[in-house]
Number of protein chains: 4
Amino acid sequence: MPESPSSPPAKRGRRKEARPGELLEAALDLFVEKGYAATRVEEVAARAGVSKGTLFLYFPSKEELFKAVVRENISGRFSEWQETLTHFAGNCSEMIEYAFFAWWERIGSTKVNGLGKLMVSEANNFPEIALFYRNEVVLPAQDLIRQILKRGMASGEFRDIDLEYAIYLVQAPLMQLDLMQSSKAICIVNPDNFDPQKYLKMHADNLLVGLRPRAA
Amino acid sequence: MPESPSSPPAKRGRRKEARPGELLEAALDLFVEKGYAATRVEEVAARAGVSKGTLFLYFPSKEELFKAVVRENISGRFSEWQETLTHFAGNCSEMIEYAFFAWWERIGSTKVNGLGKLMVSEANNFPEIALFYRNEVVLPAQDLIRQILKRGMASGEFRDIDLEYAIYLVQAPLMQLDLMQSSKAICIVNPDNFDPQKYLKMHADNLLVGLRPRAA
Amino acid sequence: MPESPSSPPAKRGRRKEARPGELLEAALDLFVEKGYAATRVEEVAARAGVSKGTLFLYFPSKEELFKAVVRENISGRFSEWQETLTHFAGNCSEMIEYAFFAWWERIGSTKVNGLGKLMVSEANNFPEIALFYRNEVVLPAQDLIRQILKRGMASGEFRDIDLEYAIYLVQAPLMQLDLMQSSKAICIVNPDNFDPQKYLKMHADNLLVGLRPRAA
Amino acid sequence: MPESPSSPPAKRGRRKEARPGELLEAALDLFVEKGYAATRVEEVAARAGVSKGTLFLYFPSKEELFKAVVRENISGRFSEWQETLTHFAGNCSEMIEYAFFAWWERIGSTKVNGLGKLMVSEANNFPEIALFYRNEVVLPAQDLIRQILKRGMASGEFRDIDLEYAIYLVQAPLMQLDLMQSSKAICIVNPDNFDPQKYLKMHADNLLVGLRPRAA
DNA sequence: TATGAATGAGAGTTCATTCAT
DNA sequence: AATGAATGAACTCTCATTCAT
């Protein structure tokens, strides 16, 4: 039942369907901007235009709010990515290159990117959340990479190396870019003139050459 | 830095000039272990063997303590490394491989490693020391890498690519390893059975193959 | 109080006149089970099958709901008991013993028992209904006891003691049992193996021996 | 180290020795007056003349504060009571009579009496505290009674009845008096003219007659 | 110089109550 | 008459910072 454009937005009262989305968006903004611990639920509520109590109507705790943010923005999308990978028309090198740019478009260039840095920063203080993120995000992502590499090795497109360590080869550029984006002021040589796509292109290129089978 | 024999050890009373150092050391340990927010100044003081009040005698706030810790610990080992690089007997590939393992030995495997993660985590909260860290650590490190790559390209050992982006190719494995070490629970597929040296070997190997000049 | 046949059952729509009763019943259950403070009005409403808002349509506050519950449930069974007592065929000792077990059957072993504890617990917060409870329940009950004792002393079956204090002798076992039932976890030595009837038997026995006239 | 009367009370600063006692006293007052849940720690602190934070310097939680109150006022005194009982010069009837009045003097007539009612009222909502109270207060008290009864039965001074139920015979008057004191407005026939000692005398008298061995 | 008792602003969370629909 | 989304005050507990000694 989409509101017709002429219907004035209900200032107060029933917004039940819209609320969780608004809260999730406000929460994503603030978590990414200030970190998990430093984000106050009251501020999230305020940014979503509701009171503190209202937030707890939709999310039973700050922790669950954060998990919902992660689910909404990342874990919920793995099935789609898996689908894409399964039906990908192209060889494994093309797959990896595609994945790099797809990641950039959907995650790296958006504020969702900040969640990665957040987890790295706060994992030790919130083990439960860290475990959740590992299970919902990191392991599924590593599994996608594993599938590609396995297929590439099986077909002879990639050389034969320890799969579990090879995953890190693929992951490193994305992880580095995530963190560089989040801490631009520290990591990037020339922040005003940095082209992520060029960065990814070079990384993909170098990686894939390295993965090729080698002459005796 | 052993005390010179001429400075008599204070027989009784407090070695007052030693206090700040002890506090800084305690603070480094705890900041690295728990992060900034989760470190309580009382715990720092306790670990240094003084009272909470005493800490505030030397550092006017937790924030200043943090700044002092970072400034104290990120110092001039670069001249030594520059020296080593300058006199290195070997080609550029060997240099990079050597650098990876030297980094692991001196930084990656020690608690200093934690400072990298700390800076990434807190950079936004302390722009001033982020800048400091960038100037004192990140840029010099990137410069070392730049020198190696430039030499390698000049000699034809490496293919000709955009130098500024190539730096990230070399940096990525170390940055990733730094953060994986600091947030084991999240990033590593099989944390109980992870061999950093193997990780570095594979990364170096793949990197160097990718950097080789290419046929046609 | 069955609906008279002339009032047609509302086929559709809500049986609005039934609402307060359902709410009171739900509230009794919950107040007795969890105490006043720990009972949430939302839970009361839910148990009565209505929304929280509806509850406030009938009772302007939690406090008024509580008062209504107590008033509703402490009713006039005393005339019946008075009747029973008046026509009791047996001596006063038998009367007391009978009263003990009748109390157990009709009050002590039912949820009404919880109202006693509730009043003891909340009397200070609700002086008005404490007074009500005193007048409607405690004093009438004490009066029944007084009658028995007076008759027993008059007939020589009981020894001659201060009537007003003797009332407490009779009351104590019931009061204790009421509270023990309501706070089992605290008071009873072996809660899994406690027999209220045996408890009452022993109390009655001991009490009645004590009340007998004594030899010089 | 009692302050000499001339020494002015230290307005601020070191009171460490005195603080816990002041807080315990304030806490006892408020817990007894308002119940456990309704007592706010801030109010306890205020009554003791300190800030909320200070209270938590001495007691890590509200629960521990309550336990400390119970220990200070009741459980800590059982060893003395056990001692008294062990060395009591008199028969078991005299013991019980003595115990009744000792209880009255030390507990029943003081505000400590209110703790009993508090526990009965809130036991169901705070199971951990209830367990604590059971172990620290109720069971030890019942054990004292058990000892007396056992001795009395062994010597033939009391008749032979089920010990575990007989405990309640002794306990009932004290429990009833505790609750009547705490809820005067409800339970006592003539509150302005009630003599607890007379009440106890009559109860003890009746109880002891009942406990005597009976002629065939 | 050193102490550590004391502070008090906030944190997450709960729930009786309100009110637009 | 009935709803249930929304509120906001109140609760316990934390911890960086202060200050009398």
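Here the structure is a predicted model, which is why all the values come from computation and not from measurement. Below, chain A is the first sequence line, B the second, and so on; all start at residue 1.
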Can Y36(C) and E63(C) be said to form a side-chain contact (heavy atoms from CB on, under 4.5 Å), step by step? CA-CA 9 Å; Y36(C) 177 77; E63(C) 193 167 324; 3.9 Å; yes
Please determine whether a side-chain nitrogen or oxygen atom of Y58(B) lies at a distance below 4.0 Å from atom OP1 or OP2 of dT1(E). no
Look at atom CD of E33(B) and say whether more than 12 heavy atoms of other residues, nucleotides or ligands are closer to it than 6.0 Å. yes
Any salt bridge between E42(B) and R47(B), counting N to O under 4.0 Å? no
Interatomic spacing from OG in S182(A) to CG in N124(B) - rounded to 0.5 Å: 8.0 Å
Between [X] ([atom1]) and [N] ([atom2]), how many Å, whole number?
{"X": "L55(C)", "N": "dC19(E)", "atom1": "CG", "atom2": "P", "value": "17 Å"}
{"X": "L23(D)", "N": "dT7(E)", "atom1": "CG", "atom2": "P", "value": "10 Å"}
{"X": "F59(A)", "N": "dA5(F)", "atom1": "CZ", "atom2": "C1'", "value": "15 Å"}
{"X": "N125(A)", "N": "dG12(E)", "atom1": "CG", "atom2": "C1'", "value": "17 Å"}
{"X": "L30(D)", "N": "dT12(F)", "atom1": "CG", "atom2": "C1'", "value": "16 Å"}

For the ring pair F66(D) and F59(D), is the centre-to-centre distance below 6.0 Å? no
Cation-pi between K111(A) and F31(A): NZ/CZ under 6.0 Å from ring centre and within 45° of the ring axis? no
E43(D) vs K52(D), salt bridge (charged side-chain N to carboxylate O under 4.0 Å, His left out): CA-CA, chis, key distance, verdict: CA-CA 8 Å; E43(D) 208 178 345; K52(D) 194 172 28 166; over 6 Å; no
Counting C-beta onward and ignoring hydrogens, is there a side-chain heavy-atom pair between K34(A) and N125(B) closer than 4.5 Å? no
Most 5' of S51(D) and G49(B) on DNA chain E, judged by nearest nucleotide: G49(B)
For a stem of at least 3 consecutive Watson-Crick or G-U pairs with distances under 3.5 Å, i pairing with j, i+1 with j-1 and so on, which stems involve DNA chain F? E:2-21 with F:2-21
Between N or O atoms, less than 3.5 Å apart, protein on one side and nucleotides 13-17 of chain F on the other: list the pairs.
| unit_1 | atom_1 | unit_2 | atom_2 | d |
| --- | --- | --- | --- | --- |
| dC13(F) | OP2 | K62(D) | N | 2.8 |
| dC13(F) | N4 | K52(D) | NZ | 2.5 |
| dA16(F) | OP1 | K62(B) | NZ | 3.4 |
| dA16(F) | OP2 | V41(B) | N | 3.1 |
| dT17(F) | OP2 | K62(B) | N | 3.0 |
| dT17(F) | O4 | K52(B) | NZ | 2.7 |

